[in-house]
Asks: 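What follows is a structure written as structure tokens; I'll ask about it next.
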Amino acid sequence: METQVNQNPGSKKRPIIIGLAIIALLAIGATAYAMFIDLSPRELYLKSEMNTFKTLNESVNDNFKDALSLQEKQAKEAYKSEARVSVDMDTEKLGAGGMEAAMIGSILKSSELKFTTQHDPKKEEGQVNMALTVNDADLVKADFYQNNKETALNVPAAYDKRVYFPNAKFGDVMRKFDPAYVGMEKLENFFKAYDGYITSEEERDDLFKEYAKVYADSIKEDNVKLKENVDFKGEKLRQLTVTLSEKETKDLIVNFLKKIESDDKLLDAMAEQASLSGGLPTGTMAPTPGAMSKEETKKELKNSLKEAQKAVKENASFPEGMKQVVLIDSDENVVKRDLKLSAAANGGEVIPMNYASESWTKDDVTNSSWTLNAGPEGQTVLADVKMQSEPKGKGMKRDIKAKFESAENGSTQGIGFHVKGEGTSEKSNWTAELVPAGDMPAQIPQATLEIEHKGDQNLDKDFANHDYKVRLISKDPSLGDLNVGLNIKTKTTFGKKLKFPELAEGKSVNLAEMSDAEMMGLMSEIQRNLQQFMGENASFMQGL
């Protein structure tokens with residue numbers, strides 16, 4: 001588990017400094033892919049990091065096996081998924097809020113949202129249907145369809161035909177609605193992007209090995225020192241101290257940035273995701289207004305990575321380098337880690353960052369913790385997470401406590417949460433609530449979130465059914481006497497032939513080929529239809 005914190009203590013340079021420091025911290029999570037016979041301190045350290053990663057990976061796979069397996073199958077095989085979302089609430093309590101509250105409650109209780117998704121990853125084609133039902137009758141329906149060539153939308157209440165356009169002419173279509181439009185000229189395929197970058201456990205392992213080698217190549221024999229028989233929880237463990245100079249720390253960060261720059265598969269996935277929203281986020285990598293295709297976004301990413309490498313080499317400093325101390329058990333797994341790193345930009349204020357973690361087991365109970373502390377004295381941010389896990393029947397029982405605090409001018413503000421629960425992939429129950437943190441805790445409502453999950457999944461037989469019940473319970477004065485829940489039922493099937501809409505003439509309208517006059521006629525018809533729909537469903541709209 002990794003914790004990331006971004007904080008601006010007051011200097012414009014600090015986000016850059018902390019960002020570079022976090023890259024260095026993340027680098028420590030990577031390890032060498034190799035097996036050793038006669039282990040030097042360096043080899044012992046790298047092997048212990050590799051073992052620790054494998055143990056963590058196995059734990060994640062065990063805990064999220066069904067979700068990961070379903071995701072991998074969906075990325076490779078055509079499927080149909082149905083989801084139904086309904087509200088479960090005590091409408092009698094809403095009566096205290098007046099007639100309007102009671103009407104809203106009644107409408108919500110009798111309403112349901114239905115989503116049906118069809119996706120063929122091999123053809124990179126998909127469709128999403130949505131319907132809002134009231135008293136088991138469809139009130140509003142809509143569907144979205146897309147492949148690598150075209151995008152289509154159908155909202156019967158607004159227009160009785162499906163409208164579509166070639167993805168390559170998205171910009172032209174937008175200017176028909178708004179002549180001043182500047183933005184994407186080509187619309188990327190959402191369903192293709194959904195397939196993601198890493199789709200299987202093997203691919204994730206291969207990716208890890210690639211980045212692990214970058215880290216291993218940056219650690220030399222004289223960087224690692226071994227000390228035997230160090231006390232920890234009543235046991236004698238081996239201690240490994242890894243020390244990097246300022247230059248070695250810079251080289252490590254630059255090597256990772258170079259690796260990302262050369263990883264075309266990763267950059268393609270990042271560019272595709274970014275292009276769906278018009279380009280990169282605002283900030284140093286923000287594009288100028290206008291078209292930001294996948295290709296242009298990828299080029300911008302590469303340029304930004306080159307600039308980051310230059311900034312690290314020329315402007316960043318790590319006065320004390322980086323020092324990490326790890327304790328390893330008899331199985332050569334890391335049970336305790338302490339890492340210290342300080343960074344500055346252009347000779348500015350030095351920002352220290354400390355990261356510590358533990359994971360040890362006694363009497364079948366595993367205690368884990370992760371703490372990240374960053375910022376100069378008096379202006380620090382803290383993220384602290386503690387988890388206790390133990391076997392319970394065929395499943396696991398967990399208790400997680402976390403807090404996030406920021407200190408400035410002698411006072412500490414913060415917020416925390418407490419999550420606990422138990423269960424298996426077939427059935428589990430969890431509760432979560434916010435808790436105060438710091439000497440000036442944030443104002444938080446006294447409320448409890450309850451989550452119940454039931455799963456019935458057999459991918460060998462091509463089905464996965466999952467039901468969730470999410471309930472918010474509160475007697476807090478700011479929220480009132482509240483007891484409201486969501487029921488979410490999902491059903492996914494594979495192996496059946498999918499049927500997608502045909503964009504045939506007479507049943508569909510190509511927006512890219514419409515004249516200005518035809519477009520104005522279309523907009524007028526949509527406006528009339530919407531006004532008629534609003535009039536026919538006035539009581540429902542007023543209730544909302």
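As the structure is a prediction and not an experimental result, all values here were calculated from the model. We're numbering straight along the sequence, starting at 1.
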Asks: Testing Lys420, Gln388, His418 for side chain to side chain donor-acceptor pair (under 3.5 Å) with Asp399, which one passes?
Replies: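 Going through Lys420, Gln388, His418 one by one, the side chain to side chain donor-acceptor pair (under 3.5 Å) with Asp399 is satisfied by His418 alone.
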Asks: Judged by atom type as modelled, is there a donor-acceptor pair below 3.5 Å linking the side chain of Ser48 to the main-chain atoms of Tyr45?
Replies: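 Judged by distance alone, yes, a pair lies under 3.5 Å.
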Asks: Hey, are Lys386 and Asp384 close enough for a salt bridge, meaning a charged N less than 4.0 Å from a carboxylate O?
Replies: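 Yes, this pair counts.
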Asks: Glu405 side chain to Gly438 main-chain N or O, any donor-acceptor pair under 3.5 Å?
Replies: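 Side chain of Glu405 to backbone of Gly438, a donor-acceptor pair under 3.5 Å: yes, one is there.
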Asks: Do the non-hydrogen side-chain atoms of Leu459 and Phe494 ever get within less than 4.5 Å of each other?
Replies: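 Leu459 vs Phe494: side chains touch.
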Asks: When you check the gap from the basic side-chain N to the acidic O, do Asp462 and Lys496 get nearer than 4.0 Å?
Replies: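 No, no charged N to carboxylate O under 4.0 Å.
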Asks: Mind telling me whether His119 and Tyr79 have parallel, tilted or perpendicular rings, with 30° and 60° as the class edges?
Replies: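 Perpendicular.
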Asks: Is the number of heavy atoms from other residues, nucleotides or ligands under 6.0 Å of Phe232 CZ greater than 12?
Replies: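 Counting neighbours around CZ of Phe232, more than 12 heavy atoms of other residues, nucleotides or ligands fall under 6.0 Å, so yes.
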Asks: Test side chain to side chain contact (heavy atoms under 4.5 Å, CB included) on Lys73 and Thr492; report intermediate values, then the result.
Replies: CA-CA 11 Å; Lys73 192 175 178 73; Thr492 303; over 6 Å; no
Asks: I'd like to know if Lys489 pairs up with Asp467 as an ion pair, taking the criterion as any Lys NZ or Arg NE/NH1/NH2 lying under 4.0 Å from an Asp or Glu carboxylate oxygen.
Replies: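 The answer is yes: the pair qualifies as a salt bridge.
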Asks: Looking at Glu49 and Arg337, does any basic side-chain N land under 4.0 Å from a carboxylate oxygen?
Replies: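 Result for this pair is yes, salt bridge flagged.
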Asks: Tell me whether the rings of His466 and His453 are parallel (<30°), tilted (30 to 60°) or perpendicular (>60°).
Replies: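 If you compare the ring of His466 with that of His453, the planes turn out parallel.
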Asks: Between the side chain of Gln146 and the main-chain N/O of Glu188, is any donor-acceptor distance below 3.5 Å?
Replies: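 Between the backbone of Glu188 and the side chain of Gln146 there is a qualifying donor-acceptor contact (under 3.5 Å).
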Asks: Is there a donor-acceptor pair under 3.5 Å between the side chain of Thr52 and the backbone N or O of Val334?
Replies: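 Looks like yes, one N/O pair under 3.5 Å.
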Asks: Taking CG in Asp62 as the centre, count heavy atoms belonging to other residues, nucleotides or ligands within less than 6.0 Å. Is the count above 12?
Replies: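 Atom CG in Asp62 is crowded, with more than 12 foreign heavy atoms closer than 6.0 Å.
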Asks: In terms of heavy-atom contacts, does NZ of Lys233 have more than 12 from other residues, nucleotides or ligands at under 6.0 Å?
Replies: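 Yes, the 6.0 Å shell around NZ holds more than 12 heavy atoms from other groups.
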Asks: Once salt bridge (charged side-chain N to carboxylate O under 4.0 Å, His left out) is applied, do any residues pair with Glu332, and if so which ones, sequence neighbours excluded?
Replies: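 With sequence neighbours excluded, Glu332 shows a salt bridge (charged side-chain N to carboxylate O under 4.0 Å, His left out) to Lys47, Arg238, given in chain and number order.
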Asks: List in chain and number order the residues that pass salt bridge (charged side-chain N to carboxylate O under 4.0 Å, His left out) with Asp338, two or more places apart in sequence or in another chain; answer none if no residue qualifies.
Replies: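 Here the qualifying residues are Lys336.
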Asks: Apply side chain to side chain contact (heavy atoms under 4.5 Å, CB included) to Phe417 and Val385, showing your working.
Replies: CA-CA 10 Å; Phe417 64 80; Val385 181; 5.6 Å; no
Asks: Would Glu82 and Thr116 count as having a side-chain donor-acceptor pair, cut-off 3.5 Å?
Replies: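 Side-chain D/A pair, Glu82 to Thr116: absent.
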Asks: Could you tell me which residues satisfy side chain to side chain contact (heavy atoms under 4.5 Å, CB included) with Glu422, sequence neighbours excluded, listed by chain and number?
Replies: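 By the side chain to side chain contact (heavy atoms under 4.5 Å, CB included) rule, Glu422 matches Lys392, Lys397.
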Asks: Ring-plane angle category for Phe208 and Phe53, please: parallel below 30°, perpendicular beyond 60°, tilted otherwise.
Replies: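 The rings of Phe208 and Phe53 lie parallel, inter-plane angle below 30°.
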Asks: Does NZ belonging to Lys259 count more than 12 external heavy atoms closer than 6.0 Å?
Replies: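 Above 12, so yes.
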